[in-house]
Number of protein chains: 2
Amino acid sequence: MTNIKDLAKIARVSVTTVSRVLNNHPYVSEEKRMAVLKAIKDTNYNKNINAVHLSKGKTLMIGVVLPYSDHPYFSLLLKGIANEALKNNYKLVLFQTDYLEQREMEALEMLKQKQIDSVIICSRASDWKTIEEHLSFGKIVVCENMTERHVSSTYVDHYKTFLEALEFLFSKGYEKIGYCIGRKTGSNSLARECAYRDFMNKHNLSYTAEYIIDDCLYFEDGEKVMKKIRGMVEPPEALLVTSDQVAAGIVTYCHNNHIAIPDELAIIGFDNEPIAKLMNITTIHIPLEDMGKSLFLQAVSKERTNNEVMIKLIERGTA
Amino acid sequence: MTNIKDLAKIARVSVTTVSRVLNNHPYVSEEKRMAVLKAIKDTNYNKNINAVHLSKGKTLMIGVVLPYSDHPYFSLLLKGIANEALKNNYKLVLFQTDYLEQREMEALEMLKQKQIDSVIICSRASDWKTIEEHLSFGKIVVCENMTERHVSSTYVDHYKTFLEALEFLFSKGYEKIGYCIGRKTGSNSLARECAYRDFMNKHNLSYTAEYIIDDCLYFEDGEKVMKKIRGMVEPPEALLVTSDQVAAGIVTYCHNNHIAIPDELAIIGFDNEPIAKLMNITTIHIPLEDMGKSLFLQAVSKERTNNEVMIKLIERGTA
DNA sequence: TTGTATGCGTTATCAA
DNA sequence: TTGATAACGCATACAA
């Protein structure tokens with residue numbers, strides 16, 4: 001492996017001059033530039049980027065923390081981040097955590113050690129406190145409502161969104177409403193539960209714990225949900241389903257089992273994935289790719305910003 | 001940012017001693033070790049990993065090249081790679097290429113520059129020649145049949161697989177058989193086309209170009225396929241669909257449009273995703289997560305191996 | 001058991 | 001326009 005020193009020797013110039021032509025800096029005569037370029041070609045030289053990083057103190061790499069890279073929600077978010085990263089000549093380091101705090105820590109550790117310049121946390125299991133302790137090591141941006149914290153964020157107001165969806169169902173005459181969610185913890189989930197409680201209180205409806213079904217992530221979870229519901233003495237008449245995948249699974253199950261939608265069960269999905277359009281599922285449109293783009297831009301920006309993303313209820317055939 | 005030198009000064013020892021306690025090397029007295037540890041704590045010290053990389057010439061990072069991270073096939077593969085990487089204390093750098101050669105080059109460049117130790121190419125657009133030129137810079141492993149090349153590989157024999165599926169359909173009486181695929185180029189696609197031609201020849205069936213439908217990746221592409229087919233004068237009676245997602249889209253479309261499956265149209269999907277089970281789709285099981293694991297292990301291994309993965313046809317209701 | 005000195009490959013500073 | 005030389009932060013051969 002030839003290095004910059006070798007090149008200097010071969011081209012009969014100083015390492016500085018070599019570095020200059022390598023980085024397109026001015027102040028180098030055409031003659032010497034040619035000599036260096038020739039040496040580069042002859043030796044099949046390549047920069048050792050680690051040395052560059054060490055010297056510059058930056059890596060042009062960003063960590064992306066997410067629980068499941070095979071879930072449409074996160075893979076779309078990731079797509080948005082990845083596309084923007086590419087445009088800006090950044091590389092991504094992926095941390096697929098399965099919501100294990102230890103794996104989230106790895107990203108923060110890399111930030112500490114300066115192997116990545118910033119971290120985008122799409123979703124987390126760790127305490128905020130843990131995250132906060134790493135704020136001094138580099139930029140951290142999150143995908144949840146954190147307007148009072150010292151971080152940038154791109155987020156959906158899930159409280160507002162949930163309330164809107166619930167009121168929509170209520171206006172259609174549904175009162176026994178449940179919802180399906182990925183997990184019960186997490187700030188976004190808590191916001192939704194809060195909205196759910198407030199809604200129930202407002203309309204004097206009774207809060208039914210079993211109407212909240214968690215662990216709903218993939219298409220196949222739709223079947224699970226339906227089996228649970230069919231085992232209930234007083235099953236819900238409508239469901240908010242925080243992933244179109246799961247909504248599609250539910251709709252498919254209902255089709256196969258002759259459960260009429262929306263008459264027997266109304267469904268509102270989330271994300272507005274293509275599958276929702278195809279299966280005519282009423283859903284909440286969330287611009288995930290745009291959010292990814294925003295997250296990336298915040299990750300490389302000097303400023304601290306909080307970007308609330310607007311959603312839209314798309315009425316189709318399931319509610 | 002305090003460094004190893006500062007620590008040495010504070011703890012009143014040499015940098016070597018500091019390095020020793022940092023890396024748990026022997027030969028350091030308890031007394032000095034304590035002093036160093038105290039200094040580390042007091043200063044909130046962190047290693048600069050870039051310096052470590054430069055010094056060691058390794059990064060414990062592996063590049064993963066794939067076209068679409070939001071496609072179930074690749075996200076499952078990625079999941080398998082990611083899980084194994086975690087176990088082995090490796091980090092992944094993701095290259096989502098959209099099949100742009102330029103983006104694949106970025107991974108190879110990083111290999112050249114020693115920012116990653118190896119590259120896993122899940123699928124590629126670049127010429128093999130281009131890849132080959134980078135073989136000297138680090139390990140490259142691929143996910144296609146490359147047994148005669150100088151690389152490790154984990155692959156499915158798509159020729160054999162396709163032939164098996166085609167014969168299966170033939171044995172059920174289908175003769176007008178088409179197939180849906182992501183793209184027509186790529187060695188895996190070519191192997192399948194070859195199998196298709198050979199099959200057609202063997203049984204004296206006429207090769208119909210329009211029976212090969214490409215650009216089939218996602219659920220929503222199922223609708224596109226069906227519209228194409230319905231526009232044909234002599235539509236196929238059976239389809240091999242190289243992604244369960246697309247197969248599910250087709251099946252859903254057929255349900256909605258009262259096309260009987262498998263009577264009017266038989267479907268065989270690929271991958272055996274959960275959606276295939278739920279929708280009762282006959283499919284070819286491919287152990288994607290296991291393949292991901294294998295790819296990773298090959299990427300970090302000294303040896304060169306070629307690992308053919310076995311598939312299995314799972315008969316359900318669509319063929 | 002400890003420390004000195006050097007190498008890793010670049011970039012940046014400053015003098016010429 | 002050029003080049004010596006000092007960072008950058010760590011690991012390690014070698015000497016003590």
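The model shown is predicted, which means the values in this text are computed figures rather than measured ones. Per chain, numbering begins at 1; letters A, B, ... match sequence-line order.
Taking 4.0 angstrom as the limit, A:Asn3 places none of its side-chain polar atoms (N or O) nearer than this to OP1 or OP2 of C:dC8. A close approach under 4.0 Å does occur between a side-chain nitrogen or oxygen of B:Tyr45 and OP1 or OP2 of D:dC10. For A:Ser55, no side-chain nitrogen or oxygen approaches OP1 or OP2 of C:dA12 to under 4.0 Å. Taking side-chain N and O atoms only, A:Thr17 has a distance below 4.0 Å to OP1 or OP2 of D:dG3. A:Lys5 has no side-chain polar atom (N or O) that falls below the 4.0 Å cut-off from OP1 or OP2 of C:dG7. Distances shorter than 4.0 Å separate some side-chain N or O of B:Lys32 from OP1 or OP2 on C:dG3.
For B:Ala51, the side-chain atoms get nearest to D:dG9 when compared with the rest of D:dA11, D:dT2, D:dG9. When distances are taken from the side chain of B:Lys47 to each of C:dT2, C:dT11, D:dC10, the shortest belongs to D:dC10.
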A:Phe296 and A:Tyr90: CA distance, side-chain angles, deciding distance, ring-ring contact (aromatic ring centres under 6.0 Å, His included) verdict: CA-CA 10 Å; A:Phe296 173 83; A:Tyr90 270 76; 5.5 Å; yes

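Remark: the backbone N or O of A:Arg183 is paired with a side-chain donor or acceptor of A:Ser189 at under 3.5 angstrom.
Looking at A:Asp70 and B:Lys79, a side-chain N of the basic residue comes within less than 4.0 Å of a carboxylate O on the acidic one, giving a salt bridge. Between B:Arg103 and B:Glu106 there is no salt bridge, since no side-chain N of the basic residue sits under 4.0 Å from a carboxylate O of the acidic one.
Remark: P of C:dG9 and NZ of B:Lys58 are 15 Å apart, rounded to the nearest angstrom. With rounding to whole Å, A:Glu31 atom CD is found 8 Å from D:dT2 atom P. Taking atom CD1 on A:Ile40 and atom C1' on C:dG9, their separation rounds to 14 Å, with Å as the unit. Separating the CD1 atom of B:Ile4 from the C1' atom of C:dA5 is a distance of 14 Å, rounded to the nearest angstrom. Atom-to-atom, CG of B:Asn24 to P of D:dA11 comes out at 12 Å; the value is rounded to the nearest Å. Rounding to whole angstrom units, NZ of residue B:Lys9 and P of D:dG9 are separated by 13 Å. The interatomic distance linking A:Arg20 (CZ) with C:dT10 (C1') rounds to 14 Å, in whole Å. Rounded to whole Å, the distance from CG on A:Asn23 to P on C:dT13 is 14 Å.
Residue A:Asn46 is classed as a sugar-phosphate contact, given heavy-atom separations below 4.0 Å to backbone atoms only. Using a 4.0 Å heavy-atom criterion, one finds that B:Val18 contacts no nucleic acid atom at all. Using a 4.0 Å heavy-atom criterion, one finds that B:Asn50 contacts no nucleic acid atom at all.
Counting atom types as modelled, B:Thr16 pairs a side-chain N or O with a base atom of C:dT4 as donor and acceptor under 3.5 Å.
Heavy-atom nearest nucleotides on DNA chain C were determined for B:Leu54 and for B:Ser14, and the one closer to the 5' end corresponds to B:Ser14.
For B:Tyr68 and B:Tyr99, the ring centers are positioned less than 6.0 Å apart.
Using a 4.5 Å heavy-atom threshold, the side chains of A:Val18 and A:Ser14 count as separate.
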